[in-house]
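Encoded as structure tokens, the structure appears first; notes follow it.
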Amino acid sequence: MTDKINENEVTPEQQSVDSQSKVMKKKDIQSVSKKQIAVKVLVQIALYTFLIIMALIVLFPFYWMLISSLKTLDEYNATVPTLWPQQFKWANYAVAFETDGLNLGRLFLNTVIVGVVSTLLSLVVTVLAAYAFARLEFKGKNALFAALLATMMIPGELFTITNYLTVTTFQWRNTFTVLIVPFLVSVFYIYLLRQNFLQIPNELYLAAKVDGTSDLKYLWKVMIPLSAPTLISITILKMMGAWNSYIWPRLVANDMAHRLVTVGLRGSTFTDAMTNMTDYPAQMAAVVIVTIPLLLVFLFFRKYIMRGVSRSGIKG
């Protein structure tokens, strides 16, 4: 019995070895954790450095546009470019509005008319089409929707050619109709809203039909309120697309009565006929004036755009 007790007893030397091994393990764990922290910090530093560099690359053209709008023509044409105006010339913004042949106010009005009307009509078409593909049952629904999605694979240039031939046949050139009608239907927006409609439980639709609710009333009272973020996203994206469009308006409506702001800024209205010199600072000021509304819309409503797009991609 005594021998067994002695075998189980731990000698002071063994205790010392065990304590040393425990201390070594703690040190190893601490060294590994320090290395992990150091690696994590270095990765974060590298990541933020990369993001800052890319942000500077993206923002530099906007910065150059802004400071160029405040320079004098001599400073802008200087051999060595300056990164900060030596003399702020705020009069460039007044010149942008007063330039002969530009009529910036008229360009703004035309763009707002086309943007608002095309957005409202496009929303009506998108909501009705998305609701039909999401809730209504009819023969060939899936095949028709697949055919619509297939049109997204066709290059936009082909649509431009066919649309141009169509509007020329209907004699719509140099009218607001030609700027609004050809692009009312967007397959991408229909797909986006349909995916959001599919996330709404079908039990709500069946309960509404039991209560005698019509499809249009159910759409107006239930579907649209529940899909508000996606509808806001579509509205903003459509307005931004109408504001930034250039090729189609330049092709079919280049007269002053229907010219949009992007087309007007590309003209040679800032070139002096006597000296043949272009007032680039005034032109940059006009670009800043045109960019500010779109930039403010994106800054204030960007969360709605991200929320609507993210909600529409959950269920397919």
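Basis for what follows: all heavy atoms, side chains included, without hydrogens, waters or symmetry-related copies. Predicted model, so just to flag it, every value in this text is computed and none were measured.
Taking the side chain as every heavy atom from C-beta outward, R135 and I200 approach each other to under 4.5 Å. Here the side chains of S118 and K238 are in contact, with some heavy-atom distance below 4.5 Å. Under the 4.5 Å side-chain criterion, counting only non-hydrogen atoms from C-beta, N110 is in contact with F176. Using a 4.5 Å heavy-atom cutoff, the side chains of L107 and M256 are in contact. Side-chain contact between T213 and Y205 is absent, with no heavy-atom pair separated by less than 4.5 Å. Inter-residue side-chain proximity for Y218 and M223 is flagged as met; some heavy-atom pair is nearer than 4.5 Å. In this structure, the side chains of Q44 and V41 stay at 4.5 Å or more apart for every pair of heavy atoms. Counting heavy atoms from C-beta outward, L226 and V222 have side chains that approach closer than 4.5 Å.
Cluster annotation: V114 is not connected to Y189 through the hydrophobic network of ILVMFWY side chains, with a link wherever side-chain heavy atoms come within less than 4.5 Å. Connection of L219 to I234 is established within a shared hydrophobic cluster, with ILVMFWY side chains joined at heavy-atom distances below 4.5 Å, either directly or through further cluster members. At a threshold of 4.5 Å between side-chain heavy atoms, the hydrophobic network of Ile, Leu, Val, Met, Phe, Trp and Tyr places V287 and W64 in one connected group.
At a cut-off of 3.5 Å, with distance as the only test, a side-chain donor of T82 or E75 sits close to an acceptor on the other residue. In this structure, a donor-acceptor pair under 3.5 Å is absent between the side chains of S68 and Y280. Looking at Y131 and R194, their side chains never bring a donor and an acceptor atom within 3.5 Å of each other. Checked by atom type, the side-chain pair D279/Y76 shows no donor-acceptor distance below 3.5 Å. In this structure, a donor-acceptor pair under 3.5 Å is present between the side chains of S227 and N196.
A cation-pi arrangement is absent between K71 and W90, since the terminal nitrogen or guanidinium carbon is not both under 6.0 Å from the aromatic centre and inside a 45° cone about the axis.
Distance check: L179 CG to L260 CG gives 5.0 Å after rounding to the nearest 0.5 Å. Distance CG/L295 to CG/L299: 4.5 Å, rounded to 0.5 Å. If you take CG on N244 and CG on L294, they are separated by 5.0 Å, rounding to the nearest 0.5 Å. Distance check, rounded to the nearest 0.5 Å: CG of L251 to CZ of R173 gives 6.5 Å. Put simply, CZ on F145 and CG on L148 are 7.5 Å apart, with the number rounded to the nearest 0.5 Å. Between atom OG1 of residue T166 and atom CZ of residue F170 there is a gap of 6.5 Å, rounded to the nearest 0.5 Å.
The backbone N or O of K89 lies less than 3.5 Å from a partner atom in the side chain of N92, making a donor-acceptor pair. Judged purely by atom type and a 3.5 angstrom limit, S69 has no side-chain atom pairing as donor or acceptor with the backbone of A285. At distances below 3.5 Å, at least one donor-acceptor pair connects side-chain atoms of T111 with backbone N or O atoms of V261. At distances below 3.5 Å, at least one donor-acceptor pair connects side-chain atoms of H258 with backbone N or O atoms of N174.
Paired with L121 under the rule side-chain contact (heavy atoms from CB on, under 4.5 Å), one option of V116, I180, V181 passes, and it is I180.
Enclosure of atom CD1 in I247 is not indicated, since only 12 or fewer non-hydrogen atoms of other residues, nucleotides or ligands lie within 6.0 angstrom.
The salt bridge (Lys or Arg N to Asp or Glu O under 4.0 Å) search around K221 returns none, not counting sequence neighbours. Scored by the side-chain contact (heavy atoms from CB on, under 4.5 Å) test, V167 finds W172, V178, P182, W248, V252 as partners (sequence neighbours excluded).
The two residues A132 and K141 make their nearest non-hydrogen contact at O-CD, 3.8 Å.
Electrostatic pairing of K209 and D215 counts as a salt bridge here, judged by a charged N lying under 4.0 Å from a carboxylate O.
Using cut-offs of 30° and 60° for the angle between ring planes, the F108 and W243 rings count as tilted.
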